[in-house]
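Structure record follows, encoded as structure tokens.
Hydrogens, waters and symmetry mates play no part in the numbers below; they use all other heavy atoms, side chains included.
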Amino acid sequence: MPILDLYDHSGKRRNLAHFAAIASLAAVDGDVNSHEMKLLERFANKLDISEADFKEVMKTPTKYAIDPQNSSKERLERLFDLFKIIFADNEVDDDEMVLLKKYAIGLGYPSDKADKIIGKSIAIFSGRIDFDDYLYMINK
């Protein structure tokens, strides 16, 4: 087996675990609504998730373990994807917050750092940022 096949397999496993985490967050508040389902389908496409894997994940999304990323940028990208699915219904409920924090810690963030990143991300996604932060993000 060529070594590239090993990397490909590892990447697919990571993408499947990430997709399962996203699906788990989408389903945490009960049923997955139509907007969340559309986002899940887009994520499945983006992450190269097969139709069979999609169906399996949707049956039991908590079956898959979180696969921590090596770089800070990759971890933030995973969290960004999760915030997109959480804010599909324009609100964050308590169950989503619990799973989001577990996922952030599972990605390798210490609890206090996870809280800071989650807090800032919620402010950004909900539009509750102050002008200085807005200015910083625009000028960066």
Side-chain angles (χ1 to χ4, degrees):
M1 170 189 294
I3 192 142
L4 288 176
D5 288 348
L6 293 173
Y7 286 105
D8 186 46
H9 175 71
S10 176
K12 286 183 180 184
R13 183 179 50 80
R14 258 183 287 187
N15 283 348
L16 185 60
H18 180 54
F19 179 73
I22 294 169
S24 177
L25 285 170
V28 73
D29 56 357
D31 293 327
V32 176
N33 67 38
S34 62
H35 187 67
E36 290 170 327
M37 184 57 76
K38 286 179 186 175
L39 276 174
L40 286 171
E41 289 167 355
R42 285 193 348 230
F43 279 123
N45 187 44
K46 175 183 173 186
L47 296 168
D48 198 26
I49 304 298
S50 71
E51 188 174 333
D53 285 340
F54 182 90
K55 289 178 182 176
E56 182 64 29
V57 166
M58 294 311 294
K59 285 182 196 171
T60 54
T62 57
K63 168 179 150 180
Y64 301 88
I66 294 173
D67 192 12
Q69 301 298 301
N70 294 327
S71 79
S72 177
K73 182 180 177 183
E74 290 173 336
R75 287 191 299 268
L76 285 173
E77 185 177 2
R78 298 294 191 187
L79 283 174
F80 179 79
D81 286 347
L82 293 177
F83 274 102
K84 283 175 30 181
I85 193 72
I86 286 172
F87 275 90
D89 58 3
N90 297 318
E91 61 184 60
V92 181
D93 65 29
D94 292 338
D95 291 332
E96 289 170 332
M97 284 296 294
V98 168
L99 280 178
L100 188 55
K101 182 158 184 186
K102 285 181 184 180
Y103 190 69
I105 291 170
L107 284 173
Y109 291 107
S111 182
D112 59 332
K113 178 95 173 174
D115 288 337
K116 285 181 184 178
I117 290 171
I118 291 168
K120 287 180 180 181
S121 297
I122 288 173
I124 290 167
F125 274 84
S126 65
R128 291 179 285 153
I129 59 172
D130 62 30
F131 179 72
D132 290 333
D133 291 335
Y134 171 76
L135 190 61
Y136 174 77
M137 287 186 292
I138 293 298
N139 290 325
K140 187 171 180 178

Nearest 0.5 Å, please: how far is CD in E77 from OG in S72?
11.5 Å
Closest non-hydrogen atom pair, L47 against H18
CD1-CD2, 3.7 Å
Does CG belonging to D94 count more than 12 external heavy atoms closer than 6.0 Å?
no
Nearest 0.5 Å please: distance from the CG atom of L99 over to the CG atom of L25.
5.0 Å
Return the CZ to CG distance between R42 and L40, rounded to the nearest 0.5 Å.
10.0 Å
Reported CD-to-CG distance for the pair E74 and L107, which is rounded to 0.5 angstrom
10.5 Å
So which heavy atom on F43 is nearest to which on D81, and how close?
CZ-O, 3.3 Å
In terms of heavy-atom contacts, does CG of D31 have more than 12 from other residues, nucleotides or ligands at under 6.0 Å?
no
Nearest heavy-atom contact between S126 and R128 is OG-NE, 2.8 Å
Please test K55 against E51 for salt bridge (charged side-chain N to carboxylate O under 4.0 Å, His left out), starting from the C-alpha separation and ending with a verdict.
CA-CA 6 Å; K55 289 178 182 176; E51 188 174 333; 3.4 Å; yes
Would a 4.5 Å heavy-atom cut-off, applied to side chains only, mark E96 and E91 as touching?
no
Measure up the F125 and F80 rings against each other and bin them: parallel (under 30°), tilted (30 to 60°), perpendicular (over 60°).
tilted
Please find the pair of heavy atoms, one from M97 and one from I118, that lie closest to each other, and give the distance.
CE-CG2, 3.7 Å
Rounded to the nearest 0.5 Å, what separation is found between the CD1 atom of I22 and the CG atom of N15?
9.5 Å
On a heavy-atom basis, the closest approach of K101 and S111 is NZ-OG, 2.9 Å
Taking L76 as the starting point, is it possible to reach I105 by hopping between hydrophobic residues whose side chains are less than 4.5 Å apart?
no
For a side chain to side chain contact (heavy atoms under 4.5 Å, CB included) check, start with the C-alpha distance between Y109 and D115, then their side-chain angles and the critical distance, and finish with the verdict.
CA-CA 9 Å; Y109 291 107; D115 288 337; over 6 Å; no
Among the clusters formed by ILVMFWY side chains lying less than 4.5 Å apart, do F19 and M37 turn up in the same one?
yes
Just so I know, are the side chains of F83 and I124 near enough to count as touching, which here means a heavy-atom distance under 4.5 Å?
no
Interatomic distance, L100 atom CG to S121 atom OG [nearest 0.5 angstrom]
8.0 Å
On a heavy-atom basis, the closest approach of A20 and V57 is CA-CG1, 3.7 Å
Closer than 4.0 angstrom, basic N to acidic O: yes or no for K12 and D53?
no
